[in-house]
Amino acid sequence: MTVLVLYATIEGHSRKIAERAASRLEEAGQHVVLGDVREPGFAVPGRFDGVLICAPIHIGRYPTSVAQFLIDWKAALAAVPTAFISVSLAIHSDSADERAEAETYPAKLEKKTGFHIAKVHHAAGALKYLEYDFFKRALMRQIARKEGASVDTSRDHEFTDWEALDAFVQEFADDVALAASA
Ligand SMILES: Cc1cc2nc3c(=O)[nH]c(=O)nc-3n(C[C@H](O)[C@H](O)[C@H](O)COP(=O)(O)O)c2cc1C
């Protein structure tokens with residue numbers, strides 16, 4: 001069985017999450033092809049036994065490349081188990097309203113693309129203060145304050161619960177194995 005793991009990323013954290021998911025899928029006995037959703041190349045979704053997509057929220061939405069990919073490939077994707085990892089800061093918020101808002105993003109993507117996202121995991125992202133330019137650092141400090149995340153800009157912060165991610169990926173690996181044996 002071979003699983004396609006695709007990611008979109010702006011700051012690199014969703015790629016890190018996708019790499020972790022790919023390692024866990026390999027440990028679960030799957031072959032994995034890992035790539036950027038903008039450059040799937042030969043990675044035509046219909047040739048795989050399952051597809052996992054990982055994408056971050058930036059200013060309230062996923063990168064356009066993700067929506068376009070789902071629109072272009074929804075027929076092929078509907079034929080195999082698929083799963084989606086939504087990366088955001090809001091899902092880590094102290095505010096229940098902010099967390100609820102983060103949980104609406106996959107449904108909005110579904111509405112936009114017409115692709116039904118069957119299995120979703122919400123992963124908290126990262127604040128990469130050291131990598132942001134002056135303006136982005138100021139913006140992210142403001143967002144972090146609103147979310148109850150750290151405003152210490154002297155270092156980066158990572159909020160991802162790696163164990164919860166591993167458990168989700170294991171469930172997905174089981175779905176793929178089950179579908180392939182049916
Ligand atoms: C410019 C910018 C805007 C962001 N906007 C949001 C947002 O609207 N909601 C949210 O929950 N997280 C937001 N985030 C947090 C990102 O989802 C988080 O940093 C994530 O780890 C970024 O993933 P990436 O490194 O794959 O791009 C934003 C981050 C940046 C840098």
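Remember, it's 1-based here, ligands and their atoms both numbered in the order they're listed.
To the nearest 0.5 angstrom, S88 atom OG is 15.5 Å from R61 atom CZ.
Within the listing of ligand 1, atoms 10 (C), 11 (O) sit less than 4.0 angstrom from a heavy atom of A90. With ligand atoms numbered from 1 in the order given, ligand 1 contributes 21 (O) to contacts under 4.0 Å with heavy atoms of G125. The contact set between ligand 1 and V87, taken as ligand atoms under 4.0 Å from a residue heavy atom, comprises 17 (O), 20 (C), 21 (O).
With respect to atom 19 (O) of ligand 1, the closest heavy atom belonging to the protein is A126 O, 2.6 Å. For atom 31 (C) of ligand 1, the nearest protein heavy atom (residue, atom name, distance) is E11 OE2, 3.5 Å. Counting only heavy atoms of the protein, atom 23 (O) of ligand 1 lies nearest to P56 CB, 3.2 Å.
For ligand 1, the polar-atom distance check against G12 finds a nitrogen or oxygen pair separated by under 3.5 Å. Between H13 and ligand 1, an N or O atom pair is found at a separation short of 3.5 Å. Annotation: L127 places no N or O atom under 3.5 Å from an N or O atom of ligand 1; distance criterion only. Below 3.5 Å of separation, one finds an N or O of H58 facing an N or O of ligand 1.
Nearest to atom 30 (C) of ligand 1 by heavy-atom distance, out of K146, M140, K136, is M140. The option with the heavy atom closest to atom 3 (C) of ligand 1, from among T9, L89, I59, is I59. The residue among I57, I10, I143, T160 with a heavy atom at the shortest distance from atom 14 (N) of ligand 1 is I57.
In this structure H92 satisfies the ring pair (Phe, Tyr, Trp, His ring centres under 6.0 Å) test together with F159, sequence neighbours excluded. For E131, there are no salt bridge (charged side-chain N to carboxylate O under 4.0 Å, His left out) partners at least two apart in sequence or on another chain.
Within the 4.0 Å heavy-atom shell around ligand 1 one finds G60.
At a threshold of 4.5 Å between non-hydrogen side-chain atoms, the residues I143 and L89 count as touching. Put simply, the side chain of I57 does not reach to within 4.5 Å of the side chain of V87, judged on heavy atoms.
The distance between the ring centers of F84 and F115 does not fall below 6.0 angstrom. Side-chain rings of Y129 and H157 approach one another, their centers coming within less than 6.0 Å.
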### Task
Please lay out, stage by stage, how Q30 and V176 fare under the test side chain to side chain contact (heavy atoms under 4.5 Å, CB included).
CA-CA 9 Å; Q30 315 274 359; V176 172; 3.8 Å; yes
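Side-chain contact check for H13 and T160: at least one donor-acceptor pair (N or O, by modelled atom type) lies under 3.5 Å.
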